[in-house]
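Shown next, in structure tokens, is the structure this report addresses.
These numbers come from the heavy atoms of this one structure, side chains and all, not from hydrogens, waters or symmetry mates. Residue numbers start from 1 in every chain, and the chains themselves are labelled A, B, ... in the order their sequence lines are given, proteins ahead of strands.
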2 protein chains.
Amino acid sequence: MKRVTLKQIAEELGLSVMTVSRALSNHSHVNGETRRRILAAANRLGYRPNYIAKSLVLQKTYTIGVVVPEITHSFFPEVIRGIEEVTYNAGYQLILTHSAENAEREKNAISTLEAKRVDGVLISTVQTVRDYSVYKELIRLKLPVVFFDRCVYNIGASCVSINDRESSQLITQHLIDHGYKKIAHLKGSLRVSISRARLAGFKSALLMNNLEIEDHLIVNAGFHEKGGYKAMKQLLTLPSVKRPRAVVAVNDPAAFGAMEAIYEKGLKIPEDIAIVGFSDDIRAPLMPTPLTTIRQPAYEIGKAASQKLIDIIEDRNIKPEKIVIDGDIIIRKSCGCR
Amino acid sequence: MKRVTLKQIAEELGLSVMTVSRALSNHSHVNGETRRRILAAANRLGYRPNYIAKSLVLQKTYTIGVVVPEITHSFFPEVIRGIEEVTYNAGYQLILTHSAENAEREKNAISTLEAKRVDGVLISTVQTVRDYSVYKELIRLKLPVVFFDRCVYNIGASCVSINDRESSQLITQHLIDHGYKKIAHLKGSLRVSISRARLAGFKSALLMNNLEIEDHLIVNAGFHEKGGYKAMKQLLTLPSVKRPRAVVAVNDPAAFGAMEAIYEKGLKIPEDIAIVGFSDDIRAPLMPTPLTTIRQPAYEIGKAASQKLIDIIEDRNIKPEKIVIDGDIIIRKSCGCR
DNA sequence: ATCAGTAATATTAACGATCACATTATTTTT
DNA sequence: AAAAATAATGTGATCGTTAATATTACTGAT
């Protein structure tokens with residue numbers, strides 16, 4: 001039960017604690033023979049270093065806190081894998097916390113991470129953030145912070161996200177290239193930056209092509225199938241001349257919901273209505289009409305965010321920057337291709 | 001940068017460190033007015049407790065180590081969500097490590113967790129474990145350990161897994177009830193306990209129904225689509241009288257691969273060959289013929305494992321036990337059901 | 001033989017908190 | 001009024017490690 005300490009090894013060998021410490025952490029100024037004896041004793045007694053004590057004196061934990069709003073959705077696990085890959089190689093551990101999209105819980109998580117004296121924090125915020133004081137406090141304490149995917153700008157932290165605006169513009173342009181003129185957008189909550197960016201990209205694609213932006217074709221869907229279904233249902237109540245011929249959904253689940261509404265109405269995809277999503281959900285290629293979408297390179301986001309964080313922690317590249325990862329357009333059939 | 005400590009608050013107010021400590025951790029024997037002053041000062045100075053120091057003196061970190069072989073696959077994220085739910089409510093944090101199915105990396109992860117003095121460890125082992133000494137060492141140190149999904153038995157640790165044998169028997173029985181007599185099994189690596197259990201369940205269902213176990217109908221597929229595809233291809237080279245009329249795959253990906261091989265041969269599912277999987281992959285309901293499978297209640301596994309671990313840590317229910325969670329059979333069409 | 005220089009090891013303090021016990025002040029009991 | 005109990009606060013040691021500095025022992029140069 002009681003763990004072996006340096007002190008015990010020292011007493012066993014009639015040495016001082018310091019010599020044992022030096023020997024085990026490979027410092028110089030230790031006699032070769034003494035070092036051998038110490039290593040042997042450490043091994044024999046089953047010594048395990050105590051990083052808690054080490055952290056206390058060195059003021060460094062080699063631990064990074066991660067705050068995600070969701071774990072189940074396939075995007076975040078993939079990001080975490082990217083984070084893990086980089087941090088593992090740099091010798092850091094991960095404390096994973098899950099806010100469950102709950103601001104209160106996120107706040108708790110962050111203050112626990114602070115109390116555990118993590119060397120840095122990676123955050124993807126909850127959807128309903130209103131109060132930035134928690135994040136600002138971290139910055140004030142000079143605790144390195146990097147946001148990913150769901151960012152908070154202009155508070156002095158770095159942020160890694162995908163190029164939502166450009167990607168959204170790109171995929172909308174793709175529909176326009178197919179000749180569609182009446183295009184609807186199923187938007188997410190505008191409290192979340194990605195929703196705003198995707199909406200902006202959608203609008204700018206229309207503008208660039210001198211197409212009219214019709215407000216009644218921009219409807220709220222949220223991020224889930226149910227919302228997409230409802231939003232599409234609403235669009236389908238329009239008289240058929242006013243109805244959109246193509247739809248840009250804020251993400252794939254919303255698109256799936258919309259597709260269901262379209263089928264229910266007895267319409268065909270893409271013949272009657274074309275649709276594109278965003279996120280390349282694992283189900284996207286398996287839909288009756290496979291969904292054209294934007295793949296978010298989650299693994300790369302995780303890698304970039306954790307790399308930036310470690311750079312800050314190790315004092316290499318401390319100035320806040322906005323890192324943008326390009327999304328890939330994945331062409332399938334729902335847009336009208338092939 | 002320099003964080004505020006109890007000592008600073010104490011000096012500020014002309015009190016001793018101990019009084020401040022007591023006031024902030026809600027102990028008795030502190031004057032109401034004094035407590036108020038201390039709280040105010042702590043707040044004003046931006047005091048954040050240092051759990052590292054606390055952990056050192058209390059010999060307790062309120063941290064649990066989790067070792068998973070994979071993060072991307074939807075099963076583990078779901079388990080982690082279950083773990084997180086329980087540990088969050090019990091006031092513990094999670095250090096997540098990822099072995100990437102690599103025994104060396106798993107070993108490193110475990111010894112780092114040990115060094116960080118986690119209060120307990122949850123492990124799902126790598127596929128190729130040969131050396132149990134790492135786990136045995138944990139037990140010897142009396143560090144609470146609970147295995148989940150991929151277990152190591154008979155070394156004195158608890159284990160939470162799904163009832164693989166019974167579930168496999170159940171789903172095989174389901175095929176037998178459809179009247180199939182020639183049933184094949186695509187098995188996984190027998191080094192992994194779940195493969196052995198599923199094979200055993202398959203065999204015992206046949207035995208219970210006096211059906212012959214034909215060795216050439218039990219083929220190696222591994223856990224991925226490619227292996228399933230190859231294995232099925234091999235079965236399909238049999239002359240059609242010797243060919244199986246139904247297939248029990250070790251998991252869903254293997255079943256997907258097999259389904260592809262069946263379609264390629266121009267055969268129909270379930271009319272020509274029925275097939276069932278195991279794991280209820282997110283893609284299972286979306287296949288051209290939706291796949292009948294066993295749902296593994298990942299969230300429940302996570303909850304049960306972490307609950308057991310916390311019980312051990314808090315000395316409530318320390319004796320090792322084998323906890324079995326029932327899998328649910330999810331009936332779709334690939335088995336021949338309507 | 002003396003001095004400087006280096007190698008090997010020891011000592012002390014510190015990291016930030018808590019525990020057990022000691023002290024002082026205040027209230028209650030008899 | 002003295003003794004006992006209780007409340008409020010303080011002291012010193014401790015958790016396991018490392019940094020900085022001190023001591024001791026040995027080597028080689030003059």
Side-chain angles (χ1 to χ4, degrees), chain A residues 1-39 41-42 45-63 111-112 114-119 141 143, chain B residues 1-39 41-42 45-63 111-112 114-119 141 143:
Chain A
M1 199 68 218
K2 263 273 156 266
R3 296 303 228 306
V4 179
T5 67
L6 292 186
K7 198 174 165 192
Q8 285 171 51
I9 300 180
E11 276 164 8
E12 180 94 3
L13 301 175
L15 291 166
S16 79
V17 174
M18 203 52 226
T19 304
V20 178
S21 167
R22 267 192 293 253
L24 291 174
S25 46
N26 258 345
H27 276 217
S28 56
H29 291 280
V30 179
N31 181 285
E33 173 55 23
T34 310
R35 165 166 286 140
R36 221 166 301 125
R37 281 172 54 221
I38 292 175
L39 259 51
L45 299 174
Y47 172 74
R48 310 277 150 169
N50 184 330
Y51 286 2
I52 296 291
K54 193 166 172 167
S55 291
L56 184 61
V57 58
L58 295 185
Q59 303 279 64
K60 165 117 190 155
T61 55
Y62 285 98
T63 304
S111 68
T112 308
E114 239 179 280
K116 290 217 165 161
R117 294 294 188 269
V118 294
D119 295 335
L141 285 169
L143 184 60
Chain B
M1 200 67 218
K2 264 276 155 264
R3 298 302 229 305
V4 180
T5 67
L6 291 187
K7 198 173 164 194
Q8 284 170 53
I9 300 180
E11 276 165 7
E12 181 94 3
L13 300 176
L15 291 167
S16 77
V17 174
M18 202 53 227
T19 306
V20 178
S21 167
R22 268 191 290 252
L24 291 174
S25 45
N26 259 348
H27 277 217
S28 55
H29 291 279
V30 179
N31 180 285
E33 173 55 22
T34 308
R35 165 166 288 143
R36 221 167 301 126
R37 280 171 55 221
I38 291 175
L39 259 51
L45 298 174
Y47 172 74
R48 311 276 150 169
N50 185 330
Y51 286 2
I52 297 290
K54 193 167 171 166
S55 291
L56 184 60
V57 59
L58 296 185
Q59 303 280 62
K60 165 118 190 155
T61 55
Y62 285 99
T63 304
S111 69
T112 308
E114 238 180 281
K116 290 216 164 159
R117 295 294 189 269
V118 294
D119 295 336
L141 285 169
L143 183 60

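In plain terms, the two heavy atoms of A:Val30 and A:Thr34 that are nearest each other are CG1-CB, 4.3 Å. The minimum heavy-atom distance between B:Ile52 and A:Arg117, with the atom names listed, is CG1-CB, 4.0 Å.
Look at NZ on B:Lys116: it is 16 Å from C1' on D:dG16, rounded to the nearest Å. In this structure, B:Asn50 places its CG atom 8 Å from C1' of C:dA17, rounding to the nearest Å. Here the P atom of nucleotide C:dT18 and the NZ atom of B:Lys7 are 15 Å apart, to the nearest Å. Here C:dA17 presents its C1' atom at 9 Å from CE of B:Met18, a figure rounded to the nearest Å. The nearest whole Å value for the distance from the NZ atom in B:Lys54 to the C1' atom in C:dG16 is 12 Å. In this structure, A:Lys60 atom NZ and D:dT18 atom P are separated by 15 Å, rounded to whole Å. With rounding to whole Å, A:Leu6 atom CG is found 12 Å from D:dA19 atom P. Regarding A:Glu33, its CD atom lies at a distance of 18 Å from the C1' atom of D:dA25, rounded to whole Å.
Put simply, the side chain of B:Arg3 reaches to within 4.5 Å of the side chain of A:Glu114, judged on heavy atoms.
Residue whose closest nucleotide on DNA chain D sits further toward the 5' end, between B:Ala53 and A:His27: B:Ala53. Residues B:Leu15 and B:Gln59 each lie close to DNA chain D; by heavy-atom proximity, the contact nearer the 5' end of the strand is made by B:Leu15.
Between B:Ser16 and D:dG10 there is a side-chain N or O to OP1 or OP2 distance below 4.0 Å. Residue A:Tyr47 places at least one side-chain N or O under 4.0 Å from the OP1 or OP2 atom of D:dT17. Side-chain N/O atoms of A:Ser21 include one lying less than 4.0 angstrom from OP1 or OP2 on D:dT18.
In B:Lys60, the NZ atom is crowded: over 12 heavy atoms of neighbouring residues, nucleotides or ligands sit closer than 6.0 Å. Shown here is B:Tyr62, whose OH atom has no more than 12 heavy atoms of other residues, nucleotides or ligands within 6.0 Å.
Side-chain proximity of A:Val57 to the nucleotides D:dT11, D:dC15, D:dT17 is greatest for D:dT17. With D:dT9, C:dT11, D:dG16 as the choices, the nucleotide that has an atom nearest any side-chain atom of B:His29 turns out to be D:dT9. The B:Thr5 side chain lies nearest to C:dG16 when the options are C:dT9, C:dT18, C:dG16.
No engagement by B:Gly32 is indicated, since no non-hydrogen atom pair under 4.0 Å with the nucleic acid exists. When heavy atoms are screened at a 4.0 angstrom cut-off, A:Thr34 is found touching the sugar-phosphate backbone but no base atom.
One donor-acceptor pair, N or O on each side, does fall under 3.5 Å between the base of D:dG10 and the side chain of B:Arg22.
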